[in-house]
Amino acid sequence: MSAPLLSTHGLVARYGDFQALYGVDIEVAAGEIVALIGANGAGKSTLLKSVMGLLPVAPDMVRLDGRPVGGSQPYRMVSAGVAIVPEGRRLFAGMSVEDNLRVAVDHAARAEGGGWTLDKVFGLFPMLREKRSTPVQSLSGGQQQMVAIGRALLNQPRLLLCDEISLGLAPKVVREIYQSIPSISQAGTAIILVEQDVGLAQSASDRLYCMLEGRVTLTGRSSETSRDAIGAAYFGASHAVA
Amino acid sequence: MQWLDGLIQGILLGGLYAQYALGMALMFGVMRIVNITHGDLMVLLALIGISAAASFTLGPWTTLAILVLIGAFIGYALQRVILNRVVGADPLPSLIATFGLSIALQNAMLQIWSADTRSLPGGEITQASFQIGAMFVGVLPVIVLVTATVLTGGLDAALRFTRFGRALRAAAADVEAAALTGVNPKTVYAASTAIAVAILGFAAVFQSMRATVAPADGPFQLIYAFEAVIIGGMGSIWGAFLGAMVLGISQSIGFRIDPGFGILAGHLVFLIVLAVRPQGILGKG
Amino acid sequence: MSEAVATGHGATVPTPAVRVQRQTVSGIIAMAIGIGVLITIASMPWWASQGLIRNVVELCCYIAVAQMWNLLAGYAGLVSVGQQAFIGVAAYMMFVLAQLWGINPFLAVLLSLIAPAILAVPTYGLLHRLDGPYFAIGTWVVAEVMRLATSTFTYVNAGAGMSLRVMTGYSADERAVGVSLLSALLLLVTIGGSYWLLRSRYGLALTAVRDNPVAAASQGVNVGRLRFLVWIAAAVGTGLAGSIYFLAQLRITPPSAYDPNWANIAIFIVMVGGLGSLEGVLIGALIYFFADRWFGEYGATYLVVLGLLTLFMALFARGGIWGLICKVVDAPWFPTRRILLEDKR
């Protein structure tokens, strides 16, 4: 059997003295949409940061196509075909929409991804086309999120990590953004969705992992996992009593 | 007429200061660090140029080309060996590291070249001048000003329209997000320091053709570059250019009021700008 | 912990037996030695040679200037490369008071401190608008402005400088008593004063500002005000060292008064000794003092080594020599930590 696109093996991560992940094992196959759910502080964002090389981890803990890549510099992860829509969008303030996107085009992965172009991104988010010369800081939150997604896509990823892309946005805008997920997936890109909204995550994904206090507490097919099982995994047995 | 002459001489002097200021603005914009050896590196390049020109009988333009190349190399090495280790939110490590290097560099130059002032023989061009009305304007200072303008415009265009420029602006805005978009920050940093010191190669040739250099001159050039950047507005390439003009004019006019007042006048204008417009002439907010 | 303190006396609630330890054995020993050193310095005229007194005065000035820089860079997060502005302005003020206005020179040393205090206010007002590294270069501009302005100021004899001729009215013994007492006072104020400050509640705030200004601000520390006050205090302490140094020198010129080498000395001492510690300043000052005596004759080569050493410390050993010592033994001379102890029952 061929190796999964991305896998973590006993992934441990810490911020200084504080340990945030306690041996996490997840797998993502090519083209798959995987949701990562869990309460605040469960370690979802930490997991993405560890995969991207923002936190020090051992090489064997993160594998891409079976090859150890843990602790690689972020820009190396990008060129290996992993892109991220970071939490809080993190656009390049002072630069236009187009220049933000062009930075990604300039530094796209060598490996063939979805073959994204500026035109295709503008097709996905038509609003960005008319705003292409606008400085990003004067866009609305939803538009900024679209730029952040477009920027990550233009890195031509085989795997796209989305960190809380619905955070702080109006429900209508969230729907609009989530509508783009299937078209991204159809282009052949695997996606990890980190999401607070469990229902949204469940409906948009093929599989899900639920995390609690730095550990995976539940995994299964999104359509077959019951609300009760998620509830127990989300809050943990001890918390449920309290 | 004396004041008009002062104004013109000031603008021409500003052309030289702009060549110091560009690199400092670039490095601060990207990394938020000030390289205290900025002025010393200009002096070092000038002394290398003077020695090389004398040993191999090079013309000033050949010397210029060589110094720009050496400058780019020195800048790249400086970033890789020293500055990459001290870039960060805390300003202290980069300041102290380059401060120590500055002392070492000044004294090493003192030993190699002695404390004598030296200059680069530039041939006829250093003497040539043309007449506008009743005034004589030197050809060399005009070349310096034109070079400064071209360098500023070129750097500005490179930042706006090239792959490197976009990566640099992205890293300046949010270095972690830039890395997550595929930019290698260390490459960007090394390139910007290489460019900053390469521009000092131009400044070195012009400074040593127009006037003199000595090993202890560096700190003064550092201060002029700094004042130009602050007067013009931090983080703006054309701001640094404009600030250099204001500084040059202030010194030139001050010098005509009293020869002992020239440099001081520049400092005072800097302090006044800091008091009334701390964001600088072109700065926002 | 606050609860334990509040209900500690005779309450029915069992009190967690916790107390705060703020002094250590090494600290008490160091304190005793420190007091002994101060008395020794103050009593120098009765036993030491003129040459020794001159050396000790110089060493005291180095320690004071370095500690004031340490207070700024190591605690308040303000890196200055222009502390010579305060040395020069205080020393010149002392010369004006004593030589031109006829005030007792030893008293003039103390009165002259008004000058650095006054200079520090607008300097901070202007420079605090600049981002970290630019603040540092800004302090250099201020020192340059003071040097150039003094050089054109005919009231203080412009570039030619002044001599403290009034000192001829005092015998050699009287002068020795004066500078020795002032040097002891200088150490008491700069080292003792810093020690007291760091052990006070301001010390906790300063340490918090050093470690994380944003977090400190969110905990109610007025970071801006604290930095301003430390800036003024450091200016006054530096100025006192300047006045005493030039009282002993008897002559002053703008280039010597506003010599950038003062910044070099302070930075070298603190970075080699150990940033953010009083112990480091003492170690660094002794190293600098003896290095200067032994290797100073090598001139430029010696300064190249000094510069490279500073660079090396900034790159690889930010805690300096004291930081390295602390990794081996925990015996602070000036304990400023609060240690929570649990009593055994």
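In what follows, chains are A, B, ... by sequence order, proteins preceding strands, each numbered from 1.
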(message) Using a 4.5 angstrom heavy-atom cutoff, name the option from B:A167, B:A177, B:G165 with the most pairs to chain A.
(response) B:A177

(request) Pick whichever of B:A178, B:A170, B:A179 has the most heavy-atom pairs under 4.5 Å with chain A. (result) B:A170

(request) Against chain B, label A:L54 side chain, backbone, both or neither, depending on which of its atoms sit under 4.5 Å from a heavy atom there. (result) side chain

(message) Taking side chain as everything from C-beta outward and backbone as N, CA, C, O, which of these in A:A104 sits under 4.5 Å from a heavy atom of chain B? Side chain, backbone, both or neither.
(response) both

(message) What I'd like to find out is whether the side chain of A:Y75 reaches to under 4.5 Å of the side chain of B:N184, using heavy atoms alone.
(response) yes

(request) Decide yes or no for A:H107 and B:R163: does some side-chain heavy atom of the first lie under 4.5 Å from some side-chain heavy atom of the second? (result) yes

(message) Ignoring hydrogens, what is the shortest heavy-atom contact between A:P74 and B:L180? Give both atom names and the distance.
(response) CB-CD2, 4.0 Å

(request) Identify the two heavy atoms, one from B:R166 and one from A:M95, that lie closest to each other, and give their separation to 0.1 Å. (result) O-CE, 3.7 Å

Got a sec: does the [atom1] of [X] have more than 12 other heavy atoms crowding it under 6.0 Å?
X      : atom1 : result
B:R80  : CZ    : yes
B:Y76  : OH    : no
B:R160 : CZ    : no

(request) Please confirm whether the backbone N or O of B:T181 pairs with a side-chain atom of A:N155, one donor and one acceptor, at under 3.5 Å? (result) yes

(message) Rounded to the nearest 0.5 Å, what separates atom CG in A:D99 from atom CG in B:L159?
(response) 11.0 Å

(request) First locate atom CZ of B:R169, then atom OG of A:S96, and finally report the distance between them rounded to the nearest 0.5 Å. (result) 7.0 Å

